**Q** 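Mind having a look at this structure? Questions to follow.
The structure presented is a predicted model; accordingly, all values stated were derived computationally and were not measured. Just so it is clear: chains get the letters A, B, ... in the order the sequence lines come, proteins before strands, and each one is counted from 1.
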Amino acid sequence: MTLSGIAPDNFAFPAVLKAVTSLQDLNLGKQIHAHVVKFGYGSSSVTVANTLVNVYGKCGDKGDACKVFDGIIERDQVSWNSMIAALCRFEEWELALEAFRSMLLENMEPSSFTLVSVALACSNLLKRDGLRLGKQVHAYSVRMSECKTFTINALLAMYSKLGEAEYSRALFELYEDCDMVSWNTMISSLSQNDQFMEALEFFRLMVLAGFKPDGVTVASVLPACSHLEMLDTGKEIHAYALRTNELIENSYVGSALVDMYCNCRQVSSGRPSVRCEAFSDKESIHGYVIKRGLEKNRYVQNALMDMYSRMGQTQISETIFNSMEVRDIVSWNTMITGYVICGRHGDALNLIYDMQRVKEKTNMNDNAYDDEGRVPLKPNSITFMTILPGCAALAALAKGKEIHSYAIKHLLAFDVAVGSALVDMYAKCGCIDLARAVFNQIPIKNVITWNVLIMAYGMHGRGEEALELFKNMVDDGSRNKEHVAILGW
DNA sequence: CTAGGGTTAG
């Protein structure tokens with residue numbers, strides 16, 4: 001078009017930029033942005049600018065997303081929605097909410113698009129703040145009639161991520177226009193909250209309601225079969241997937257299947273070929289994965305590594321890990337776990353140090369990406385939960401302290417799960433007072449946090465204090481119970 | 001032009 005001398009207009013640019021977004025090609029986006037400016041649409045068209053905010057949001061350039069947004073003279077609702085969604089993609093939850101407040105201050109009416117992003121931001125705050133703000137979003141959505149299902153689904157996910165699965169459930173049952181995503185959200189929320197029987201029950205009800213399970217459904221319900229070791233149910237779902245081509249080629253489904261069969265001990269150990277009775281005698285899980293063309297998929301590779309490590313074949317996990325073209329945080333965590341399982345704590349610790357140096361290819365960059373679009377990997381709470389038992393097992397106090405400071409640096413030391421693991425580590429390294437100090441700093445404790453410290457005092461022969469803690473634990477539990485009925489309205 | 005659901009441990 002441009003070669004034949006026809007100038008693109010404010011209809012051509014959004015269309016072509018949408019293609020750029022799908023391709024995740026930041027450089028191409030920047031080139032087209034240059035053309036936008038050259039052809040005079042740099043500040044004359046809100047639509048084009050909004051599209052650019054979206055391009056930079058999805059291709060991972062926080063700076064330019066903000067720059068384009070700031071340069072829009074007459075921002076419309078879509079401008080705000082795009083900016084707030086982009087901030088969510090960059091996990092800038094506070095900034096997203098701040099943008100939302102500014103939007104309201106400019107008397108711009110939020111839409112369901114806005115609420116979906118804001119609900120997502122709320123679900124990533126601390127529980128107390130998230131619930132307080134999230135309920136306001138919920139209230140607003142009740143007053144708004146436009147496109148409700150999207151908002152409801154975002155709220156379902158939000159409540160369960162904030163640990164209020166019961167709210168999600170009540171909301172789901174109250175709302176009548178549930179779609180596939182609503183059902184899938186419920187099933188995955190229940191699965192993620194360890195309510196596996198309930199997840200399977202919802203799955204059954206979903207099928208009864210006439211919905212055809214898709215890849216997300218299957219990938220959400222298989223972990224429930226896996227944890228409950230309900231092999232027959234898992235096989236039924238596997239059979240269903242086999243009858244549906246697009247399901248069995250789905251990499252999430254593939255990795256969930258590997259995990260399920262592994263967890264149900266349907267693998268006869270030995271060598272790279274891991275046999276599984278659910279397939280034919282000669283077929284291994286790994287072979288099956290290869291047959292389905294899933295062996296290069298990151299999710300499947302992660303599941304395979306986990307499987308081999310559990311079977312005492314950590315060296316095969318290593319081979320997979322080293323051969324992977326793209327590794328995400330789960331790959332690293334799984335490899336670390338593999339080392340911890342087989343007692344190679346030193347290797348596990350080394351991996352944590354490697355992680356701080358290595359950059360992985362990603363399309364979700366912030367400002368710190370290099371020329372090849374790579375960023376340093378950020379550890380998450382699972383990383384610390386995985387490595388700390390290794391320190392505890394070795395009674396490696398110095399290493400444990402290093403990990404502790406690393407956790408502080410990543411703002412994860414006060415997380416319940418990480419905090420509990422730290423308490424355990426200090427206790428097992430003989431530092432009961434440090435364990436106590438860390439315990440005191442954990443703002444929201446769960447039953448594991450308390451158990452770990454009580455056990456620590458028990459092990460250190462300080463029974464009186466253990467009993468005292470047990471009493472406090474019961475008090476703390478009843479104090480923190482929230483009795484809020486939110487869904488009667 | 002903008003939106004919701006899926007993988008890792010214990």
**Q** Answer yes when A:Lys62 and A:Glu92 have at least one side-chain N-carboxylate O distance shorter than 4.0 Å, and no when they do not.
**A**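 A:Glu92 and A:Lys62: salt-bridged.
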**Q** Whole angstrom is fine here: how far is it from CE in A:Met307 over to C1' in B:dT7?
**A**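 From A:Met307 CE to B:dT7 C1': 15 Å.
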**Q** Mind calculating the distance between CD1 (A:Ile341) and P (B:dT8) to the nearest angstrom?
**A**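 Rounded to whole Å, this separation is 14 Å.
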**Q** What is the distance, to the nearest angstrom, from the CE atom on A:Met180 to the P atom on B:dG6?
**A**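 Value for this atom pair: 13 Å.
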**Q** Please check the phosphate of B:dC1 (OP1 and OP2 only) for any side-chain N or O of A:Lys58 closer than 4.0 Å.
**A**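 No, no such contact exists.
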**Q** Name the closest nucleotide to the A:Asp194 side chain, picking from B:dG10, B:dC1, B:dG6.
**A**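 Nearest to the side-chain atoms of A:Asp194, counting from C-beta on, is B:dG10.
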**Q** Side chain of A:Ala219 only, heavy atoms from C-beta on: which candidate in B:dC1, B:dA9, B:dG6 is closest?
**A**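 Selected nucleotide (nearest to the side chain): B:dG6.
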**Q** Taking atom P of B:dT7 as reference, at what distance in whole Å does atom CZ of A:Arg327 sit?
**A**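 Rounding to the nearest Å, CZ of A:Arg327 and P of B:dT7 are 23 Å apart.
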**Q** By the 4.0 Å heavy-atom rule, please label A:Asn54 as base, sugar-phosphate, or nothing.
**A**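 Contact class for A:Asn54: sugar-phosphate only.
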**Q** Mind calculating the distance between CG (A:Asn297) and C1' (B:dG6) to the nearest angstrom?
**A**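 It works out to 12 Å between those atoms.
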**Q** Base, sugar-phosphate, or nothing for A:Asn302, non-hydrogen atoms under 4.0 angstrom?
**A**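 Here A:Asn302 touches the bases of the nucleic acid.
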**Q** Looking only at side-chain N and O atoms, does A:Asp76 offer a donor or acceptor that is under 3.5 Å from a partner on A:Ser79?
**A**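 Indeed, the side chains of A:Ser79 and A:Asp76 share at least one donor-acceptor pair under 3.5 Å.
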**Q** Please say which of A:Leu242, A:Ile248, A:Leu247 ends up in a side-chain contact (heavy atoms from CB on, under 4.5 Å) with A:Thr244.
**A**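 For A:Thr244, the side-chain contact (heavy atoms from CB on, under 4.5 Å) test succeeds with only one of A:Leu242, A:Ile248, A:Leu247, which is A:Leu247.
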**Q** Mark yes or no: A:Lys148 above the aromatic ring of A:Tyr175, with NZ or CZ under 6.0 Å from the six-membered ring centre and no more than 45 degrees from the axis.
**A**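 Geometry flag: not set, cation outside 6.0 Å or 45°.
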**Q** Between A:Glu98 and A:Arg101, is the closest basic N to carboxylate O distance under 4.0 Å?
**A**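 A:Glu98 and A:Arg101: not salt-bridged.
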**Q** Do A:Leu231 and A:Tyr261 come within less than 4.5 Å of each other through their side chains, counting heavy atoms only?
**A**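 The answer is yes; the side chains approach within 4.5 Å.
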**Q** Ignoring hydrogens and angles, does a donor from either the side chain of A:Ser112 or the base of B:dA3 sit under 3.5 Å from an acceptor on the other?
**A**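 It does, because a donor-acceptor pair links the side chain of A:Ser112 to the base of B:dA3 below 3.5 Å.
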**Q** Tell me whether A:Tyr299 and B:dT7 count as stacked here, given that the ring centres must be under 5.5 Å apart and the planes must differ by less than 30 degrees.
**A**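 No, aromatic ring not over the base.
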**Q** Rounded to the Å, how far apart are A:Asp76 CG and B:dC1 C1'?
**A**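 Computing the A:Asp76:CG to B:dC1:C1' distance gives 8 Å.
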**Q** So which nucleotide from B:dC1, B:dT7, B:dA9 ends up closest to the side chain of A:Pro223?
**A**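 Of the candidates, B:dT7 comes closest.
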**Q** Name the closest nucleotide to the A:Ala85 side chain, picking from B:dA9, B:dC1, B:dA3.
**A**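 So the side chain of A:Ala85 is nearest to B:dA3.
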**Q** At under 4.0 Å between heavy atoms, what does A:Ser188 touch on the DNA or RNA strands: base, sugar-phosphate, or nothing?
**A**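 Counting heavy atoms under 4.0 Å across all strands, the contact made by A:Ser188 is with sugar-phosphate only.
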**Q** Measure the distance from CG on A:Leu120 to C1' on B:dT2 and round it to the nearest whole Å.
**A**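 In whole Å, B:dT2 C1' and A:Leu120 CG are 14 Å from each other.
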**Q** Is A:Gln192 near enough to B:dT7 that one of its side-chain N or O atoms lies under 4.0 angstrom from OP1 or OP2?
**A**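 Yes, such a contact exists.
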**Q** Go through B:dT8, B:dC1, B:dT7 for me and flag the one nearest to the A:Lys18 side chain.
**A**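 The nucleotide sitting nearest to the side chain is B:dC1.
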**Q** Compare the minimum distances between each of B:dG6, B:dT2, B:dT8 and the side chain of A:Thr334, then state the nucleotide with the smallest one.
**A**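 Nearest to the side-chain atoms of A:Thr334, counting from C-beta on, is B:dT8.
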**Q** Output the rounded distance in Å from CZ (A:Phe196) to C1' (B:dG10).
**A**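 Between C1' of B:dG10 and CZ of A:Phe196: 11 Å.
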**Q** Using a 4.0 Å heavy-atom cut-off, does A:Ser220 contact any base of the nucleic acid, only the sugar-phosphate backbone, or nothing at all?
**A**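 Contact class for A:Ser220: sugar-phosphate only.
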